[in-house]
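Comments concern the structure below.
Worth knowing before you read on, the calculation uses all heavy atoms, side chains too, and leaves out hydrogens, waters and symmetry mates. Counting starts at 1 for both ligands and their atoms, following the listed order.
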Amino acid sequence: MARKTIIAGNWKMNLLPAEGEELVAELKEQLQIRENLEVVICPQMALVPMALDWIYDSVIQLGAQNCAEKLSGALTGETSAELLKVLGCRYCLVGHSERRSLFNETDDMVGRKSQVLLNMGLTPIVCIGESLAQREAGDHFKTIDTQIAAVFSQLDQTDWTRLVFAYEPVWAIGTGKTATPEQAVEIHRFIRSKIKEFAGDVVANATSILYGGSANAVNAADLLGESEIDGLLVGGASLKAEDFSQIIASF
Ligand code: 13P
């Protein structure tokens, strides 16, 4: 079975309601439906309920950027996976490098958040990737290996089939410095080989692995042209309807 291609826009902490609404309206006009393609937007939390209305009558799916690692309780400021589900989210990013570096999110937390999401029927998009220092030290494979192992070791085995991974080299995020398709493919192959070790061939071959890090309208076609790259997680370029539409059209 062909893997699903997912093009997800991570809006990060950007856009006010009127801007988000306009962006989605423009996207809906330009979007061409393609078989086996999933288009996802991940707005900041307070925009999520509004975004459910904006995407109405379109193929666009809704994702969140983060969730709590527990189901409910005294966790001021957090958002539960259960609420995300009720609000119409199908996806949630987990372990984005900004959460790992700015909010001290550990590999174990990433694993626990993934499990809570899976229990609620949402698909976690698990973000992994090395820093510049780790790449320069030749530690990128080791880093990614540890990140993947932490997730699989926390999850119920029956849920191993329901993950999406996003390889986001930290040195490529927001820097304008994209990984070359060759660099991305090398790591995607490695990620798939690790999934294979845990979950076997069938799961590894069915798991979508996205690339993220300065993906844009110019480089999207080359990246998506690689059979190992099953989609993109787009930051800055997802905030402009024309750019994001062009990225989607590159598939
Ligand atoms: P940029 O596309 O702005 O580099 O951001 C990538 C990213 O962090 C997506 O999650």
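In terms of protein heavy-atom proximity, atom 9 (C) of ligand 1 is nearest to E168 OE2, 2.9 Å. In this structure, the protein non-hydrogen atom closest to atom 4 (O) of ligand 1 is G174 N, 2.6 Å. The protein non-hydrogen atom at the shortest distance from atom 5 (O) of ligand 1 is K12 NZ, 3.3 Å.
Listed by atom number, the atoms of ligand 1 under 4.0 Å from L233 heavy atoms are 9 (C), 10 (O). The contact set between ligand 1 and S214, taken as ligand atoms under 4.0 Å from a residue heavy atom, comprises 1 (P), 2 (O), 4 (O). Against a heavy-atom cut-off of under 4.0 Å, H96 is close to the following atoms of ligand 1: 7 (C), 8 (O), 9 (C), 10 (O).
Between L15 and P43 the shortest side-chain heavy-atom distance does not fall below 4.5 Å.
Looking at A172 against ligand 1, only its backbone comes within 4.0 Å, counting heavy atoms. Looking at I173 against ligand 1, both its backbone and its side chain come within 4.0 Å, counting heavy atoms.
Note: an N/O pair closer than 3.5 Å links G236 and ligand 1 by distance alone. At a 3.5 angstrom cut-off on N or O pairs, G235 counts as close to ligand 1. The shortest N or O to N or O distance between A237 and ligand 1 is not under 3.5 Å. Backbone and side-chain nitrogen or oxygen atoms of T175 are examined, and none is located within less than 3.5 angstrom of a nitrogen or oxygen of ligand 1.
Classification of K194 and E197 as a salt-bridged pair holds, one side-chain N sitting under 4.0 Å from a carboxylate O.
Here the side chain of E26 pairs no donor or acceptor atom with the backbone of E242 at under 3.5 angstrom.
Residue G212 places every heavy atom at 4.0 Å or more from ligand 1.
S245 and Q30 form a side-chain donor-acceptor contact under 3.5 Å, judged by distance and modelled atom types alone. Side chains of E226 and Y211: a donor-acceptor N/O pair is absent below 3.5 angstrom, by distance only. H96 and Q65 form no side-chain donor-acceptor contact under 3.5 Å, judged by distance and modelled atom types alone.
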>> With side-chain contact (heavy atoms from CB on, under 4.5 Å) as the criterion, how do T180 and D222 come out once you've worked through the C-alpha distance, each side chain's angles and the decisive distance to 0.1 Å?
In response: CA-CA 9 Å; T180 62; D222 281 349; over 6 Å; no

> Between N66 and L93, does a side-chain contact (heavy atoms from CB on, under 4.5 Å) hold up when you go through it step by step?
Replying inline: CA-CA 6 Å; N66 183 35; L93 307 181; over 6 Å; no

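Residues V164 and F152 do not share a hydrophobic cluster, defined by chaining ILVMFWY side chains whose heavy atoms lie under 4.5 Å apart.
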